[in-house]
Number of protein chains: 2
Amino acid sequence: MGTTERREREKLRRKNEIIDSAERVFFSKGLDQSTMDDVAAEAELSKGTLYLYFKSKEELYLAVNERGFQILQTLFSEAISIEQNGLDKIRAIGQAYFKFAQQYSDYFNAMLYYESRDIDFSIENSCARACEEVGTETLKIVASAIQTGIVDGSIRSDLDPFKTAVVLWGQSSGIVQVHTLKGQHFQEKHKIKPEEIMQLSLEMMARSLQV
Amino acid sequence: MGTTERREREKLRRKNEIIDSAERVFFSKGLDQSTMDDVAAEAELSKGTLYLYFKSKEELYLAVNERGFQILQTLFSEAISIEQNGLDKIRAIGQAYFKFAQQYSDYFNAMLYYESRDIDFSIENSCARACEEVGTETLKIVASAIQTGIVDGSIRSDLDPFKTAVVLWGQSSGIVQVHTLKGQHFQEKHKIKPEEIMQLSLEMMARSLQV
DNA sequence: ATAATTTTATGACTATCAGTCATTCGATTA
DNA sequence: TAATCGAATGACTGATAGTCATAAAATTAT
């Protein structure tokens, strides 16, 4: 009988339902303010059950995070497909990243946490691994756009595509981190619009790639 | 009698002793693994006493952080004083920042936490305020170096010094964050030396400022 | 010198929450 | 109908941030 397969499916469904609930709770109250009991209540399950599907709060959190990465990856794929020239692809990716930070701010904030923590990638089959996988895929999209730019002459040829992708990634996340966490504060204190910072940053990054 | 003044001094001294102890504990075990009881034991005080001087663990942590900011500010001041030309000052600041991240990695890691959290600046007289103050001073150093560069012609004149300083700050912290948290992982996975990333980033940032 | 007052320090206690585990429930199979 | 097995439960444990009534020490007033 195909009972095992159905069970497998149901197990996956339940897992996703738990992530759905966790997402709602984490996004509405913030990760630190959310308890596993909150998530359990939202999922209409007992706390113990959560631990059958995720071995810790961090795992569950990373599972939510992975969805964010997947959205980002899609946005990046769309971005590069629209533009022809390599440098314009990179510009489009930059815009897409900033758009992601604004439109999917909950996912983005979750990603910040991920980026700023020393995550343990060692345990096999963990959600951290999955995040890392999608993250690397996303980086490869950036690297390939740079490669395209080098070939079509819109980007200087002395750059290593993957290394440059890592740099752009680091720089962008730093900027968007400032935007997200200190943006309002800067606006009040120094009369600087966060959007200006993001646009200026984009312009500067594009310039650093030009021949 | 000058008793009040001496008491004031002693109170400050005790406060600093607590920060000393907290620093040792936080740096040796990591913030999350450190308990207030650990800090109290290290300071040879009771936990209750800690709360007479700091209203929460976060406050105490921010107090440690402020020291890091002060070191960074000093390094930046030294950096700009060595070089003449504006763009070289900026390069020197960049190098100083990367040096800080390596030599004072404990302080730097603490700062990452600060940078990646939504800190509450509202409460009067809090340690967060102090960090913010030193942070702004540090930014002003960067901005003034950019201004110098615009005047001496080494940096393009269409940039707003303070906004550009914010961008450079955000980009740099993003890069160094990648370097610190994911560097080893990148090295293993993609055979990329973290130092290369930092140098490439510096070069790209300098290029984005050039006329 | 002594009592009254004010400041500083204590540590037992509370509240909260991540994670566990013996037990129950329910579906599948014999 | 009984036996088996995986899924689910929720009371329990351990850890720890933060509190508060009380004590000790220092300062000031009598």
Side-chain angles (χ1 to χ4, degrees), chain A residues 1-22 25-26 28-65 113 117 119-120 123 126-128, chain B residues 1-22 25-26 28-65 113 117 119-120 123 126-128:
Chain A
M1 276 159 252
T3 321
T4 8
E5 286 150 43
R6 196 209 54 206
R7 266 220 288 270
E8 206 84 344
R9 267 203 316 282
E10 284 180 350
K11 201 161 179 173
L12 194 67
R13 188 159 50 81
R14 169 107 329 157
K15 194 167 179 167
N16 277 310
E17 283 167 5
I18 292 174
I19 302 176
D20 291 340
S21 305
V25 174
F26 291 166
S28 72
K29 308 178 69 172
L31 182 70
D32 288 342
Q33 307 314 314
S34 304
T35 71
M36 287 300 265
D37 281 306
D38 290 338
V39 177
E42 177 73 28
E44 292 171 306
L45 289 168
S46 72
K47 184 160 63 166
T49 307
L50 300 188
Y51 285 91
L52 292 179
Y53 292 86
F54 298 93
K55 72 174 217 304
S56 67
K57 189 181 174 181
E58 173 164 304
E59 278 261 309
L60 181 49
Y61 164 77
L62 285 171
V64 172
N65 216 337
Y113 177 95
R117 292 258 158 173
I119 306 283
D120 178 23
I123 301 118
S126 75
C127 296
Chain B
M1 275 158 254
T3 320
T4 10
E5 285 151 44
R6 195 210 56 211
R7 264 220 291 268
E8 206 82 342
R9 266 201 319 280
E10 283 180 349
K11 199 161 181 175
L12 194 67
R13 185 158 53 81
R14 169 111 325 160
K15 192 167 181 170
N16 276 310
E17 282 167 6
I18 292 175
I19 302 175
D20 291 340
S21 306
V25 174
F26 290 168
S28 72
K29 308 179 70 174
L31 182 69
D32 288 343
Q33 308 313 314
S34 306
T35 71
M36 289 300 265
D37 281 307
D38 291 336
V39 176
E42 177 73 28
E44 292 172 307
L45 288 168
S46 72
K47 182 160 66 164
T49 306
L50 300 187
Y51 284 91
L52 293 177
Y53 291 86
F54 299 92
K55 74 174 215 304
S56 70
K57 190 181 176 185
E58 172 164 305
E59 278 260 309
L60 181 49
Y61 163 77
L62 285 172
V64 172
N65 215 338
Y113 177 93
R117 290 256 158 175
I119 307 283
D120 177 24
I123 300 114
S126 77
C127 296

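Here the structure is a predicted model, which means the values were calculated and not measured. Chain letters run A, B, ... following the sequence lines, proteins first, then strands; residues in each count from 1.
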Whole Å only: how far is the CZ atom of Arg14(A) from the C1' atom of dT9(D)? 13 Å
Once you round it to whole Å, what is the distance between P of dA21(D) and OH of Tyr51(B)? 18 Å
Tell me, do Met36(B) and Leu60(B) make a side-chain contact under 4.5 Å, heavy atoms counted? yes
Mind checking Tyr53(B) for me? I need base, sugar-phosphate or nothing, with any heavy atom below 4.0 Å counting as a touch. sugar-phosphate
Choose from dT19(D), dT20(C), dT10(C) the nucleotide whose nearest atom is closest to any side-chain atom of Ser46(B). dT10(C)
Out of dA8(D), dT8(C), dT16(D), whichever nucleotide has its closest atom nearest the side chain of Thr35(B): dT16(D)
Within this structure, what is the CG-to-C1' distance between Asp37(B) and dA12(C), rounded to whole angstrom? 12 Å
CG of Leu12(A) versus P of dG6(D): gap in Å, rounded? 19 Å
I'd like to know if Lys57(B) reaches the base of dG18(D) with its side chain, counting only an N/O donor and acceptor under 3.5 Å. no
Distance-only, no hydrogens or angles: does the Asn65(A) side chain make a donor-acceptor pair with backbone N or O of Tyr61(A) under 3.5 Å? no
Determine whether Glu17(B) and Leu45(B) make a side-chain contact, defined as any pair of heavy atoms from C-beta on separated by less than 4.5 Å. no
Record whether the side chain of Lys47(B) comes under 3.5 Å of the base of dA17(D) through a donor-acceptor pair of N or O atoms. yes
Separation of dA27(C) P from Glu10(A) CD (nearest whole Å): 11 Å
Distance in angstrom units between Glu8(A) CD and dA27(C) P, rounded: 19 Å
Please compare Leu45(B) and Gly48(A) by the position of their nearest nucleotide in DNA chain C and report the one closer to 5'. Leu45(B)
Flag yes if more than 12 heavy atoms outside Lys11(B) fall under 6.0 Å of its NZ atom; otherwise flag no. no
Closest to the Lys11(A) side chain: dA8(D), dT8(C), dA7(D)? dA7(D)
Mind calculating the distance between CE (Met36(A)) and P (dA8(D)) to the nearest angstrom? 15 Å
Rounded to the nearest Å, what distance is computed from the CZ atom of residue Arg13(A) to the P atom of nucleotide dA7(D)? 13 Å
Could you check if a side-chain atom of Ile19(B) sits within less than 4.5 angstrom of a side-chain atom of Phe54(B), using non-hydrogen atoms only? yes
